[in-house]
Asker: 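Sharing a structure with you now.
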Amino acid sequence: MAEETITNKPARVFELYKTMSLIRAFEEAAEVAYDAGFVNGSIHQYIGEEAIGTGVCSNLRDTDYILSNHRGHGHAIAKGANPEAMMKELFGRVGGTSGAKGGSMHIADFSVGMLGANGILADGTTMGVGAAQALVLRGVDAIVTVFVGDGTTNRGPFYEALNWSMIYELPVLFVCENNTYASSTVTRSVTAGAGPVARAEAFGMPAFDIDGNDVLAVDELAADLISRVRGGGGPHFLHARTYRIKGHISRDKMLYRPEGETEERWKGEPIGRCAAWLLDNGIGQDELDEATSSAEKQIADAVEAAHAAPFPDAKLAFADVQDIGAPQ
Amino acid sequence: MAEETITNKPARVFELYKTMSLIRAFEEAAEVAYDAGFVNGSIHQYIGEEAIGTGVCSNLRDTDYILSNHRGHGHAIAKGANPEAMMKELFGRVGGTSGAKGGSMHIADFSVGMLGANGILADGTTMGVGAAQALVLRGVDAIVTVFVGDGTTNRGPFYEALNWSMIYELPVLFVCENNTYASSTVTRSVTAGAGPVARAEAFGMPAFDIDGNDVLAVDELAADLISRVRGGGGPHFLHARTYRIKGHISRDKMLYRPEGETEERWKGEPIGRCAAWLLDNGIGQDELDEATSSAEKQIADAVEAAHAAPFPDAKLAFADVQDIGAPQ
Amino acid sequence: MSEMNQGDAVRIGLAEEMRRDPLVWALGEDLSTAHGGTSGSQYYQLIDEFGPKRIVNTPISENTIMGAAVGAAVAGTRPVADLRMADFAMCAVDELVNQAAKIRYMFGGQARVPLVVRQMIGARKGGAAQHSQSTEAWYVHTPGLVVIAPATPGDAKGLLKAAIRCDDPVVFMEHKELMAATGEVTDDPEAVMPIGKARIVNEGSDLTIVTWSKMALIAAEAAELLAADGINAEVIDLRSLWPWDKDAVYTSVAKTGRLLVAQEAVQVGGFGAEVAADVAENMSDALKTHVRRIGAPRIPVPYAEPMEAEYRITAEHIVAKAKEVAGA
Amino acid sequence: MSEMNQGDAVRIGLAEEMRRDPLVWALGEDLSTAHGGTSGSQYYQLIDEFGPKRIVNTPISENTIMGAAVGAAVAGTRPVADLRMADFAMCAVDELVNQAAKIRYMFGGQARVPLVVRQMIGARKGGAAQHSQSTEAWYVHTPGLVVIAPATPGDAKGLLKAAIRCDDPVVFMEHKELMAATGEVTDDPEAVMPIGKARIVNEGSDLTIVTWSKMALIAAEAAELLAADGINAEVIDLRSLWPWDKDAVYTSVAKTGRLLVAQEAVQVGGFGAEVAADVAENMSDALKTHVRRIGAPRIPVPYAEPMEAEYRITAEHIVAKAKEVAGA
Ligand SMILES: Cc1ncc(C[n+]2csc(CCOP(=O)(O)OP(=O)(O)O)c2C)c(N)n1
Ligand SMILES: Cc1ncc(C[n+]2csc(CCOP(=O)(O)OP(=O)(O)O)c2C)c(N)n1
Ligand SMILES: [Mg+2]
Ligand SMILES: [Mg+2]
């Protein structure tokens with residue numbers, strides 16, 4: 001969440017490393033919990049894509065908003081949501097971020113500007129431009145970042161949102177996380193033309209392509225784009241190339257994926273690359289190990305707390321529907 | 001509807017002139033009838049834009065399909081629909097193209113491949129690509145042309161359709177009729193970036209910009225693009241600049257329009273320009289006058305026939321709903 | 001009190017709320033350019049007082065009009081999104097039903113969605129299949145939404161103001177054919193009508209006619225005709241469909257013992273089915289005869305006058321049905 | 001006859017129809033890549049037999065999946081469009097309701113729209129607010145549409161085949177939690193079930209329980225429990241919701257004199273209101289007590305197990321309500 005110019009680069013990157021490790025640990029633990037039957041709904045894991053959410057959100061303030069998609073755990077953690085409350089949400093327990101009403105696919109923490117994961121693709125893009133419009137109307141000095149998957153860029157509302165953000169010159173950063181797949185489909189096979197960057201540019205939007213598994217690069221580019229957006233430069237587009245290491249949802253067996261592909265792509269996963277850089281830049285292996293186990297410990301505690309937390313009162317199902325005409 | 005190479009250029013252009021005159025006469029007469037209370041719904045006139053539908057449809061075959069929008073009279077006539085049956089449709093009489101069930105906004109003549117005007121903007125684009133898919137599946141050697149307004153290019157489904165047509169390499173020609181306005185809004189004021197051509201190109205589609213009030217140019221470019229589409233060259237995009245001389249609907253007083261603008265733009269209307277070319281190329285004024293009055297006569301007869309036609313039996317309201325579960 | 005038409009009444013109501021609360025704003029197509037043009041009087045010249053940040057002229061982007069409204073509501077403002085017709089609003093059902101209606105609930109109360117979405121219902125002269133639909137039943141069936149459908153200028157103003165002040169998402173359904181109808185309207189900018197309270201249009205003891213929107217005027221006409229025949233119908237205009245005023249209906253049915261529900265929408269699966277089924281379940285002791293409904297046949301709205309007339313529910317239809325009820 | 005689950009039954013049914021008629025084809029996200037992956041068994045390996053022109057893997061473009069299906073149906077083929085969940089189908093309500101349902105009518109019978117649109121309804125473990133909705137009532141309320149919601153593998157196969165052969169647009173609503181349920185299924189590729197015929201799940205004389213989709217299984221369970229208490233419930237699985245089998249329901253109510261309608265969807269404004277209101281109107285002489293309904297409360301579907309359980313209608317709920325009906 002820092003914003004001042006970081007003079008100590010390794011220290012900053014080490015912070016990014018810690019955030020990525022926390023996301024990774026969360027996702028691994030969530031899968032274990034899911035397989036053991038503790039998670040009521042599906043989970044969409046962010047493993048291998050941690051550098052994007054981390055690199056982007058490290059440049060945002062608490063008062064900035066993000067709108068996420070179905071793959072929201074990493075975005076939430078990077079934006080500062082409490083992993084324990086998130087784990088309770090997945091477990092459907094008291095103390096969950098959304099009172100156990102939403103689960104994984106609707107993970108949200110409004111207290112840190114994480115306005116929610118979403119079960120409907122592309123809707124975060126139209127809602128995001130509206131949130132930015134609200135910020136402008138309210139005179140709040142903050143920006144909106146919208147995360148969108150590669151597959152989702154073939155939904156029409158996304159283009160409406162691009163146009164909309166440009167004509168009203170809204171403070172929005174669009175981040176397209178191109179992890180190669182949309183469910184079991186290779187997105188490239190159903191995407192015409194040069195891809196998302198060219199499409200964004202056609203709406204007059206400055207658009208940038210980057211290796212999304214390089215957290216240093218993401219951090220630097222995001223810092224630049226976010227300061228442009230914050231400075232009144234209008235909407236910007238960041239296209240980050242990555243790879244979805246896990247299945248679309250955790251129980252997906254990925255029979256559609258060429259053999260060996262995952263293993264090959266795993267070599268480029270962002271945490272290992274970041275670790276290599278840190279080792280080259282003065283951080284010791286022991287410090288890295290310590291960071292990893294600290295992240296794992298934090299998540300293990302979160303899982304324990306989730307197990308210990310009670311289930312919510314069933315009657316809470318009737319709360320928070322609406323004020324007028326609420327169910328009896 | 002000719003397709004052979006026309007050796008006699010003036011003769012061909014004179015045919016275009018006649019079609020444009022027929023459209024113009026239809027629209028003028030429709031307005032008179034509307035003002036006199038004979039047309040039940042609204043009408044969206046094509047006056048000043050005749051060169052586009054005419055230039056494009058003259059290069060299509062009867063077996064080709066077009067999908068139109070709300071401003072469909074001109075497209076229908078250019079595609080070969082019978083103006084008398086169309087006028088009866090506007091009047092809501094027996095013998096109307098759609099049995100008086102649809103009216104102006106749903107003008108259609110499937111017998112000549114005019115698959116309908118449409119009251120919902122952009123839906124013709126998604127339906128059009130599906131119609132093209134059907135042609136391919138059926139192995140029919142025909143193409144689909146979709147007409148879409150400038151304002152409509154800000155609706156999301158249009159981009160889905162562009163992408164869709166490209167990935168399946170469908171025989172579709174998109175024609176964007178940019179008449180400057182979308183209802184009372186200047187489209188440019190709500191459209192970001194370089195405009196429709198750049199947007200289509202971003203999807204990898206060959207896209208062309210043209211003066212849509214120059215029927216010779218439209219005819220030539222359309223001939224070229226249609227032969228490419230027909231030859232398996234995949235979808236193409238034609239952006240034709242024009243001007244909506246009349247109000248959005250006939251009763252629109254256009255208070256939003258700068259004074260003098262209509263008059264200024266009227267100077268560039270396509271029929272006058274075409275007449276000038278014809279006079280320069282060996283067609284006499286008397287021939288032009290004869291063509292105009294013949295068009296006017298044909299439409300006057302159509303109006304007379306519409307007046308004479310009976311109203312449909314009210315009970316026909318219950319026909320053609322559905323086979324299974326039809327209303328009693 | 002002043003005599004005015006509904007278009008003026010809702011414009012004044014909106015302006016009052018915009019003056020009262022700087023977080024209220026409106027968005028939709030042609031809102032700022034419609035100086036008496038195609039969109040009538042609902043927003044006439046509001047742009048002059050409130051400027052382009054609060055009277056937002058949008059591109060033709062229904063998904064984003066609705067989606068942006070949701071995002072902007074979540075982000076602390078009170079948008080009034082105008083989708084024009086309920087038919088066009090179908091392009092934004094997702095954003096309304098999946099997002100606006102569910103955000104408060106699925107995020108466990110972390111957010112509120114105080115927005116109003118306006119969409120006109122009802123058949124208007126020659127509007128035909130795609131510009132005439134009455135879809136209120138869909139939204140009553142959707143948890144999280146409030147649904148309002150006023151019949152008079154005074155109710156329209158008072159309830160629009162209440163909708164704007166309400167913290168729930170409100171679907172506000174005006175009727176096209178009522179915009180020019182006049183009535184008495186309060187001048188008090190603080191006068192707000194309670195949502196969920198019905199209006200007794202006509203007192204009577206022989207049967208209860210429950211209705212809403214324009215059908216309330218037709219039912220009132222029917223009540224006059226019935227009175228001439230010695231039948232005293234109590235006509236109840238629900239005004240709000242969710243919540244609907246069960247007390248008023250139950251009280252009336254307790255008195256009359258007879259219920260007729262009259263609606264313009266398609267009868268099959270219409271909101272009238274809910275009212276009829278509810279009363280059948282909960283007021284069976286009071287009922288002297290079984291409940292009855294009247295509504296449109298299950299057909300699209302036809303264009304030609306005789307068919308359109310056949311489609312419409314008239315005062316005569318209500319009279320005939322009411323006599324059946326009263327005589328049973 | 002063979003014993004199989006519903007996923008297999010509908011896949012075989014679709015394959016049989018595709019073999020029978022080369023104009024039948026399917027389109028949707030991940031149709032060809034879902035080799036037992038995320039989308040289950042409905043299309044498993046059909047790509048191998050039918051190839052990519054007839055098992056079309058689409059981009060994430062709901063508007064175009066539906067719009068293209070409409071266009072392709074009008075242009076002479078028989079598309080089966082898969083929108084996955086009814087929740088996602090909300091993104092394509094416009095194309096379904098404004099186009100598919102109205103084209104035949106508004107073009108006066110010039111065109112037919114023989115398509116099937118599949119959309120899964122119902123709550124499934126932890127699906128929460130945006131992956132659980134049952135929206136059948138909306139489509140029953142829409143003229144021009146046929147609506148089917150089968151409960152068994154045999155019915156699903158037979159009715160899917162009927163839907164594909166039907167010349168009307170059919171909304172085919174499978175239930176997520178039924179895909180793995182097994183049952184007897186005919187092997188005869190020519191066996192097609194009639195649309196609009198109910199199935200008597202259980203004969204009985206004490207009361208009639210009308211239901212559909214998964215609730216039919218729950219009602220059958222309830223009938224067993226009731227039988228143990230000496231109450232003989234006649235359970236009717238409607239299978240088709242439009243048209244619905246009034247004869248079967250009336251005949252049963254004539255025998256039992258008592259009606260309970262049980263549905264998974266939200267009760268307020270659900271299709272059950274139509275059935276209850278219709279029977280109240282038309283079978284009042286036979287009714288020994290007033291009609292009753294049971295359905296979900298008017299709340300979104302919550303995530304956590306206890307709340308989700310609270311939301312669901314169980315056999316016990318039906319038993320309790322049925323006893324009330326039987327004892328009244
Ligand atoms: C409107 C809509 N259509 C379909 C789905 C089902 N769905 C959920 S995630 C997904 C794939 C998304 O791919 P992408 O945008 O690349 O994101 P990724 O999962 O790769 O992060 C699909 C098809 C949905 N949730 N919403
Ligand atoms: C989805 C949808 N939104 C809004 C409308 C209302 N509407 C009808 S025509 C029109 C303007 C269209 O402008 P353009 O696409 O430029 O076509 P033009 O009328 O200029 O030919 C609008 C907003 C509609 N019919 N459908
Ligand atoms: Mg992806
Ligand atoms: Mg235009």
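Every chain is numbered from 1, with letters handed out A, B, ... down the list of sequences. All values below were derived from every heavy atom in this structure, side-chain atoms included, with hydrogens, water molecules and symmetry-related copies excluded.
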Asker: Is Arg11(D) close enough and on-axis enough to Tyr43(D), meaning under 6.0 Å and within 45°, for cation-pi?
Answerer: no
Asker: Check each atom of Asn63(D) against the heavy atoms of chain B and say whether the ones under 4.5 Å are side chain, backbone, both or neither.
Answerer: both
Asker: Measuring heavy-atom distances to chain D, does Ala319(B) have an atom under 4.5 Å in its side chain, in its backbone, in both, or in neither?
Answerer: backbone
Asker: Output the distance between atom NZ (Lys79(B)) and atom CE (Met114(B)), rounded to the nearest 0.5 Å.
Answerer: 10.0 Å
Asker: Given that the side chain runs from C-beta out, which part of Val140(B) has a heavy atom under 4.5 Å from chain D: side chain, backbone, both or neither?
Answerer: neither
Asker: With a 4.5 angstrom heavy-atom cut-off, is it the side chain or the backbone of Ala117(B) that approaches chain D, or both, or neither?
Answerer: backbone
Asker: If you count heavy-atom pairs under 4.5 Å with chain D, which of Asp123(B), Asp320(B), Thr125(B) comes out on top?
Answerer: Asp320(B)
Asker: Is the closest side-chain donor-acceptor distance between Arg71(B) and His248(B) under 3.5 Å?
Answerer: yes
Asker: Counting heavy-atom pairs closer than 4.5 Å to chain B, which one of Gly109(D), Ser240(D), Pro52(D) comes out on top?
Answerer: Gly109(D)
Asker: Where is the tightest heavy-atom contact between Ala216(D) and Arg199(D), given as atom of each residue plus distance?
Answerer: CB-NH2, 4.3 Å
Asker: When heavy-atom pairs shorter than 4.5 Å are enumerated against chain B, which of Asp168(D), Asp94(D), Thr77(D), Val74(D) gives the highest number?
Answerer: Asp168(D)
Asker: Given His73(B) and Phe26(B), is the ring pair (Phe, Tyr, Trp, His ring centres under 6.0 Å) satisfied, shown in steps?
Answerer: CA-CA 8 Å; His73(B) 302 167; Phe26(B) 186 92; 5.3 Å; yes
Asker: Is Arg19(D) salt-bridged to Glu16(D), going by a charged N under 4.0 Å from an acidic O?
Answerer: no
Asker: Looking at Ala131(B), Gly99(B), Gly102(B), which has the largest count of heavy-atom pairs under 4.5 Å with chain D?
Answerer: Ala131(B)
Asker: Answer with side chain, backbone, both or neither: which region of Ile65(D) has an atom nearer than 4.5 Å to a non-hydrogen atom of chain B?
Answerer: both
Asker: Sort out for me which of Arg104(D), Met106(D), Glu62(D), Arg54(D) touches chain B most, counting heavy-atom pairs under 4.5 Å.
Answerer: Arg104(D)
Asker: For Ile167(B), is it the side chain, the backbone, both or neither that has a heavy atom under 4.5 Å from a heavy atom of chain D?
Answerer: side chain
Asker: Looking only at side chains, do Asn40(B) and Tyr34(B) share a donor and an acceptor under 3.5 Å apart?
Answerer: no
Asker: Please list, in residue-number order, every residue in residues 150-166 of chain B that has a heavy atom less than 4.5 Å from any heavy atom of chain D; write 'none' if there are none.
Answerer: Arg155(B), Pro157(B), Glu160(B), Ala161(B), Asn163(B), Trp164(B)
Asker: Against the six-membered ring of Tyr105(D), is Lys101(B) placed for a cation-pi contact (under 6.0 Å from the centre, within 45° of the normal)?
Answerer: yes
Asker: Heavy-atom cut-off 4.5 Å, strictly under: side chain, backbone, both or neither for Asp109(B) against chain D?
Answerer: both
Asker: Is any side-chain N of the basic residue among Lys197(D) and Asp237(D) closer than 4.0 Å to the acidic one's carboxylate O?
Answerer: no
Asker: With chain B as the partner, which of Leu145(D), Val147(D), Ile103(D) has the greatest number of non-hydrogen pairs under 4.5 Å?
Answerer: Leu145(D)
Asker: With respect to chain D, which residue among Val129(B), Ile107(B), Ile120(B), Leu135(B) yields the maximal number of heavy-atom pairs within a distance under 4.5 Å?
Answerer: Ile120(B)
Asker: Under a 4.0 Å N-O cut-off, is there an ion pair linking Asp323(B) with Arg112(D)?
Answerer: yes
Asker: Counting only non-hydrogen atoms closer than 4.5 Å, does Gln99(D) touch chain B with its backbone (N, CA, C, O), its side chain (CB onward), both, or neither?
Answerer: side chain
Asker: Decide, yes or no, whether a salt bridge links Glu190(D) with Arg20(D) under the criterion of side-chain N to carboxylate O below 4.0 Å.
Answerer: yes
Asker: Atom CD of residue position Glu49(D) - does it have more than 12 heavy atoms of other residues, nucleotides or ligands inside 6.0 Å?
Answerer: yes
Asker: Checking heavy atoms, do the side chain of Pro169(D), its backbone, both or neither come under 4.5 Å from chain B?
Answerer: neither
Asker: Are Tyr65(B) and Met127(B) close enough, and set up right, to give a side chain to side chain contact (heavy atoms under 4.5 Å, CB included), and what steps lead you there?
Answerer: CA-CA 11 Å; Tyr65(B) 295 143; Met127(B) 288 160 55; over 6 Å; no
Asker: Is Leu115(B) close to chain D through its backbone or its side chain, or both, or neither, when contacts mean heavy atoms under 4.5 Å?
Answerer: both
Asker: Which region of Thr58(D), side chain (C-beta onward) or backbone (N, CA, C, O), has a non-hydrogen atom less than 4.5 Å from a non-hydrogen atom of chain B, or is it both or neither?
Answerer: both
Asker: If I compare all heavy atoms of Glu89(B) with all of Ala100(B), which pair ends up nearest, and what's the gap?
Answerer: OE1-N, 2.8 Å
Asker: I would like to know whether Ser98(B) and Gln110(D) meet side chain to side chain donor-acceptor pair (under 3.5 Å); could you show each step before the answer?
Answerer: CA-CA 7 Å; Ser98(B) 295; Gln110(D) 292 185 77; 3.2 Å; yes
Asker: Rounded to the nearest 0.5 Å, how far apart are NE2 of His75(B) and SG of Cys57(B)?
Answerer: 7.0 Å
Asker: Considering only heavy atoms, which portion of Trp25(D) lies under 4.5 Å from any heavy atom of chain B: side chain, backbone, both, or neither?
Answerer: side chain
Asker: Using a cut-off of under 4.5 Å for heavy-atom pairs, which of Leu27(D), Val170(D), Ile60(D), Val56(D) has the most such pairs with chain B?
Answerer: Val56(D)
